[in-house]
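To start, the structure under review is shown below, and the notes come after it.
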Amino acid sequence: MLTISLIREKKDFIIERLKIKNFDAEDILEKIISLDTARREKQTRADLLHGEMNIISRDIGSLIKEGRQNEAEEAKEKTYKIKEEIRSLTDELGPIDEELRSEIIKLPNLPHHSVSHGHGADDNVKVREGGEITALPEPALPHWDLIKKYDIIDFDLGIKITGAGFPLYKGKGARLERALINFFLDEGVKAGYREMMPPVVVNEDSGFGTGQLPDKEGQMYHVGLDNLYLIPTAEVPVTNIYRDSILNAAELPVKNVAYTPCFRREAGSWGAHVRGLNRLHQFDKVEIVQIAHPDRSYEALEEMVNHVESLIVKLGLPYRIMRLCGGDMSFTSALTYDFEVWSGAQKRWLEVSSTSNFESFQANRLRCRFREKGNKQTQLVHTLNGSALALPRIVAAIIENNQTGTGIRVPQVLVPYTGFEMID
RNA sequence: GGAGAAAUGGCAGAGUGGUCGAAUGCGGCGGUCUUGAAAACCGUUGUCCUGCUAUCGUGGGACCGGGGGUUCGAAUCCCUCUUUCUCCGCCA
């Protein structure tokens with residue numbers, strides 16, 4: 001959510017920046033500014049009347065104390081009209097506030113100046129790449145065949161238990177999954193992140209705080225009876241730790257890492273490219289989250305990008321890092337890097353991490369601020385997060401790229417975690 | 001799930017209708033003293049909205065778990081929701 005002060009002061013700047021995201025903000029901004037003006041005018045008037053009321057009420061108090069009943073009654077008479085006026089102002093104010101809010105949350109975050117204009121994935125900019133794409137023994141099997149061949153992930157049983165998109169990990173498949181989770185968490189802790197294990201269902205306030213609600217309501221599983229949501233990412237609970245809080249500048253940056261299962265309804269997004277592990281309703285992910293000082297949030301982003309990259313390098317997967325163009329970026333992000341690994345048998349790049357700086361966009365919704373030592377004023381923090389990493393596509397790439405014809409070689413860094421070198 | 005009690009500033013904890021944004025203590029910050037530190041003493045100490053001011057500031061308003069109500073006036077009374085605690089029941 002953009003701050004109202006920015007909207008008031010930099011309307012034209014916002015219009016220009018949002019063109020990068022192919023978003024026409026002009027009409028919304030006009031509306032916001034006129035609503036805001038009306039709101040302030042009425043609020044000021046109401047405050048003034050409240051002030052008057054406070055004075056009269058105080059006087060009535062002392063009049064009664066002094067036993068001057070008649071004068072007190074006269075003063076009461078005076079308040080009735082003022083009270084009524086306040087009430088009608090308040091009644092008008094409610095809908096204005098509501099509409100103002102609903103308009104403001106329609107505005108996406110402003111993209112960072114390095115973000116290029118574009119309409120979709122084809123316009124993303126390759127920042128760098130690494131690893132080697134090696135030839136696989138023929139016939140190279142896609143992961144959905146390999147998992148059956150070695151009986152490590154079972155979609156049919158997942159369907160039986162729950163439904164499509166809820167796989168059952170079996171034997172060495174389950175061990176591999178757990179090994180990756182532990183490896184990612186350990187690496188995060190080594191990099192200075194504090195490990196967290198948050199709830200995986202959240203309330204409405206949390207959903208709103210990180211921007212899933214109200215616009216992406218249909219993407220989350222909703223527990224109607226208790227009005228709770230299954231998290232689509234650990235970003236939601238972990239960032240909401242800091243909702244409604246004021247941090248000391250000295251505490252920044254706050255760095256947390258968390259493993260959670262993630263739940264996504266993925267309504268309407270099934271198609272040709274989502275076979276097997278490519279898209280699931282439930283999957284495992286380790287997420288890194290930082291709360292940073294605004295002056296240093298891009299350093300933090302850089303650091304996070306390097307961390308994610310190091311994980312992929314250690315797993316020995318060919319990868320590339322893409323800077324998303326305006327059209328492919330999320331609503332809330334100011335700058336996003338996507339990490340893609342090469343899936344040898346599918347012969348395509350799979351997105352395994354999205355690492356973003358949200359600047360103050362989430363912080364404003366979260367009301368998460370910080371204070372510089374010796375300074376009275378608070379200002380909004382910057383929030384960042386990134387997958388480090390999302391498991392299913394990593395698993396897909398590992399088992400496709402490391403197939404030997406007689407088995408699947410486990411990456412060396414994982415062997416201490418799995419306890420075996422081959423899946424066969 | 002049943003019965004009862006409670007929710008106040010960073011924390012502890014007063015306050016049961018009238019200058020209460022809120023006593024007091026602790027903590028924090030600034031100062032005096034000291035070679036330095038501690039102790040002691042003095043001062044200061046929330047958030048949000050808004051007006052004025054180039055700035056330090058300063059005026060007004062709101063906020064005592066959330067929402068609603070009664071009243072000229074609510075931290076204080078009423079309703080409701082949420083949460084916490086105690087007892088009982090159930091239970092990984």
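Quick caveat: nothing in here was measured; it's all calculated off a predicted structure. In what follows, every chain begins at residue 1, and chains take the letters A, B, ... in the order their sequences are listed.
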Quiz prompt | Atom P, compared across B:rC85 and B:rU76: separation rounded to whole Å | solution = 24 Å
Assign each of A:His50 and A:Gln43 the nucleotide of RNA chain B bearing its closest heavy atom; nearer the 5' end lies the nucleotide of A:Gln43
Any strand, both distances under 3.5 Å, Watson-Crick or G-U wobble: B:rC41 pairs with B:rG31
Between CZ of A:Arg243 and C1' of B:rG66 the distance, given in whole Å, is 13 Å
When rounded to whole Å, the CD1 to C1' distance for the pair A:Ile55 and B:rG18 reads 15 Å
#### Entry: Nearest-Å distance once atom C1' is located in both B:rA74 and B:rG18
10 Å
**Prompt:** Do A:Asn357 and A:Ser297 meet the criterion of a side-chain donor-acceptor pair at a distance under 3.5 Å?
**Reply:** yes
Practice item. Would you please confirm or rule out a distance under 4.0 Å between OP1 or OP2 of B:rA62 and any side-chain N or O of A:Asn54? Key: yes
RNA chain B nearest-nucleotide lookup for A:Leu48 and A:Tyr80: closer to the 5′ end is A:Leu48
* Below 4.0 angstrom from OP1 or OP2 of B:rU47, is there any side-chain N or O of A:Arg367? -> no
Does a donor on one side chain sit under 3.5 Å from an acceptor on the other, for A:Asn256 and A:Tyr242?
-> yes
A:Phe370 CZ to B:rG46 C1', in whole Å, measures 18 Å
* On a whole-Å scale, what distance lies between the P atoms belonging to B:rC81 and B:rC29? -> 44 Å
Taking atom P in both B:rU44 and B:rC63, what distance in whole Å separates the two? 26 Å
Quick one: do A:Arg39 and A:Glu92 make a salt bridge, cutoff under 4.0 Å?
no
- Which whole number of Å gives the distance between the P atom of B:rG9 and that of B:rC88? 31 Å
Problem - Distance-only side-chain donor-acceptor flag, A:Asp186 / A:Tyr417, under 3.5 Å - result: yes
- Task: With heavy atoms under 4.0 Å as the rule, sort A:Ile56 into base, sugar-phosphate or nothing.
- Result: nothing
Per atom distances to the A:Arg371 side chain, the nearest of B:rG46, B:rG69, B:rU50 is B:rG46
Under a 3.5 Å limit on both distances, the Watson-Crick or wobble mate of B:rC87 is B:rG2
For atom P, what is the distance between B:rG67 and B:rU8, given to the nearest Å?
-> 16 Å
* Asked: Looking at A:Arg58, does any N or O in its side chain come under 4.0 Å of the phosphate oxygens OP1/OP2 on B:rC72?
  -> no
> Using a cut-off of less than 4.0 Å, is there contact between a side-chain N or O of A:Thr378 and OP1 or OP2 of B:rC48?
Replying inline: yes
A:Asn364 CG to B:rC49 P, in whole Å, measures 10 Å
* Asked: C1' atom, B:rC33 versus B:rA39: distance in rounded Å?
  -> 11 Å
Exercise. Pick base, sugar-phosphate or nothing for A:Ser57, based on heavy-atom distances below 4.0 Å to the nucleic acid.
Key: base
A:Lys81 atom NZ is separated from B:rC72 atom P, nearest whole Å, by 18 Å
Checking N1-N3 plus N6-O4 or O6-N4 for Watson-Crick, or N1-O2 and O6-N3 for wobble, each under 3.5 Å, the partner of B:rG10 is B:rC26
Rounded to whole Å, the CD-C1' distance (A:Glu41 to B:rG61) equals 17 Å
Using a 4.0 Å heavy-atom cut-off across all strands, classify A:Arg45 as base, sugar-phosphate, or nothing. nothing
Has A:Arg40 got a side-chain N or O lying under 4.0 Å from the OP1 or OP2 atom of B:rG51?
yes
_On the nucleotide B:rC49, are OP1 or OP2 found under 4.0 Å from the side-chain N or O atoms that A:Arg8 carries?_
no
Mind telling me whether A:His307 and A:Tyr193 have parallel, tilted or perpendicular rings, with 30° and 60° as the class edges? tilted
Original post:
Between A:Ser343 and A:Glu400, is any side-chain donor less than 3.5 angstrom from a side-chain acceptor?
Top reply: yes
Rounded to whole Å, the CG-P distance (A:Asp47 to B:rG61) equals 8 Å
query: What distance, rounded to whole Å, do you find between the two C1' atoms, one in B:rA14 and one in B:rC87?
result: 29 Å
As its Watson-Crick or G-U partner within any shown strand, both distances under 3.5 Å, B:rC72 has B:rG18
Rounded to whole Å, CG of A:Asp205 lies from C1' of B:rG67 at a distance of 13 Å
Note to self: Ignoring hydrogens and geometry beyond distance, is a side-chain donor-acceptor pair present between A:Gln219 and A:Gln212 at under 3.5 Å?
What the structure shows: no
Using Watson-Crick geometry (N1-N3 plus N6-O4 or O6-N4) or G-U wobble (N1-O2, O6-N3), each under 3.5 Å, B:rA62 is paired with B:rU47
